[in-house]
Amino acid sequence: MILDFDSHDVPADPKVKAALEWLLPVTGPDEFRTRVLARALDLHVQPVSTLDRWARPALAAAAAIALVAWLAGGLLEPAATDTLTLDGAMVSSATGSTPSAFIASPRPPDAEAIAGLVVQ
Amino acid sequence: MARARDGDRDAFGALVDMYQDAVRRVTRAVLHDADEADDAAQDAFLSVLVKLAQYDPSRPFRPWLMRIAANMAIDRKRRRQVRRGQPLAPEAHSHEPSPQLHAERTALREKLEAAMTHLPERYRVALVLYDVEGYSHPEIAEILGIPVGTVRSAVFHARRTLRPLLEGWREAEGT
């Protein structure tokens, strides 16, 4: 057999396989299994399902705390005074600065006021 | 797999049963000494048990396990003094060969052991993974974390080293 390591499809060599299996025999599978399982018992690995059971309530609690904190923060935040009302904009229009007043305002105009004006 | 991850010891035992041949052979290819190789194989399985939560089920399990086993054996070899020249297979065979055959086997084993010992460890692992465990070159490259071309070269050179020693090899010798 010609062995060429540049080839992409070099077949497995049965002679080498047999020789390696003979040279590297695997014996005592039951003993090995028993030994590994005994050591695994010593590890006290926490099963994933147990972690799951604790992770979900923990996530729910964290979300609830975050929500409460956000609501509390909203209540404590000082009321915005820089909302641009339409009336204010109309006053500004008299001075010729309506578009710039809307654009420069950090908050959008009061939607209810706009809707009321449209209805009128 | 899911049961083993959930702490089912029987399921983990089934994983050990299923993969121990390949894992122990790879660790032996690295470590030579059978006892130390089994220690490394055991550590590999325990490491898998600990890391099962991190395992991505969409990826094949066997290469992941073999990568852990190979790295475990290589790390162990680096950490410890390896007793070179230790017989690779001291276990008794199921039947006693004739004195002449026994002598031939012993001689062949010594030659093969010497040849394997002189191969770089990644060559040995690559050869075992390729010719014994049936992995492809790209799979071995992923397991060992080396380029595919390096794997091809490793398998080629390892075979080229062993094949002259196997001229008179009969597969029945291993049984």
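Only heavy atoms go into these numbers, but all of them, side chains included; no hydrogens, no water, no symmetry mates. Reminder, nothing fancy here: chain letters follow the sequence lines and each chain counts from 1.
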Would a 4.5 Å heavy-atom cut-off, applied to side chains only, mark L162(B) and L20(A) as touching?
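Yes - at least one pair of side-chain heavy atoms lies under 4.5 Å apart.
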
Do [X] and [Y] sit in one hydrophobic cluster, given that two such residues count as connected whenever their side-chain heavy atoms are within less than 4.5 Å of each other, even indirectly?
X	Y	value
M72(B)	L37(A)	yes
M66(B)	W64(B)	yes
V26(A)	F32(A)	no
V128(B)	V148(B)	no

Select one option (side chain, backbone, both, neither) describing which atoms of [X] are under 4.5 Å from chain A's heavy atoms.
X	result
A158(B)	neither
L127(B)	both
Q54(B)	neither

Is there a side-chain contact (heavy atoms from CB on, under 4.5 Å) between D13(A) and Y130(B)? Walk through the geometry before answering.
CA-CA 9 Å; D13(A) 187 328; Y130(B) 191 81; over 6 Å; no

If I take atom CG from residue L108(B) and atom CH2 from residue W22(A), how far apart are they, to the nearest 0.5 angstrom?
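That separation rounds to 4.5 Å.
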
Supply the atom-to-atom distance R33(A) CZ to F12(B) CZ, rounded to the nearest 0.5 angstrom.
10.0 Å

Which atom pair, heavy atoms only, marks the closest approach of D35(B) to R35(A)?
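That closest heavy-atom pairing would be O-NH2, 4.5 Å.
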
Closest contact, heavy atoms only, E113(B) versus L23(A)
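Nearest pair, atom of E113(B) first, then L23(A): CG-CD1, 4.0 Å.
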
Using a strict 4.0 Å threshold on nitrogen-to-oxygen distance, state whether D131(B) and K15(A) make a salt bridge.
no

I146(B): side chain to side chain contact (heavy atoms under 4.5 Å, CB included) partners, not counting sequence neighbours:
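Scan of I146(B) (side chain to side chain contact (heavy atoms under 4.5 Å, CB included), adjacent residues dropped) gives R122(B), L144(B), T150(B), V151(B).
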
Non-hydrogen contacts under 4.5 angstrom with chain A: give the residues of residues 13-27 of chain B involved, or none if there are none.
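Against chain A, the residues of residues 13-27 of chain B that fall inside the cut-off (heavy atoms, under 4.5 Å) are G13(B), A14(B), V16(B), D17(B), Q20(B), D21(B), R24(B), R25(B).
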
Under the salt bridge (charged side-chain N to carboxylate O under 4.0 Å, His left out) criterion, do R39(A) and D39(B) qualify, and how do the steps go?
CA-CA 11 Å; R39(A) 286 280 291 115; D39(B) 287 346; over 6 Å; no

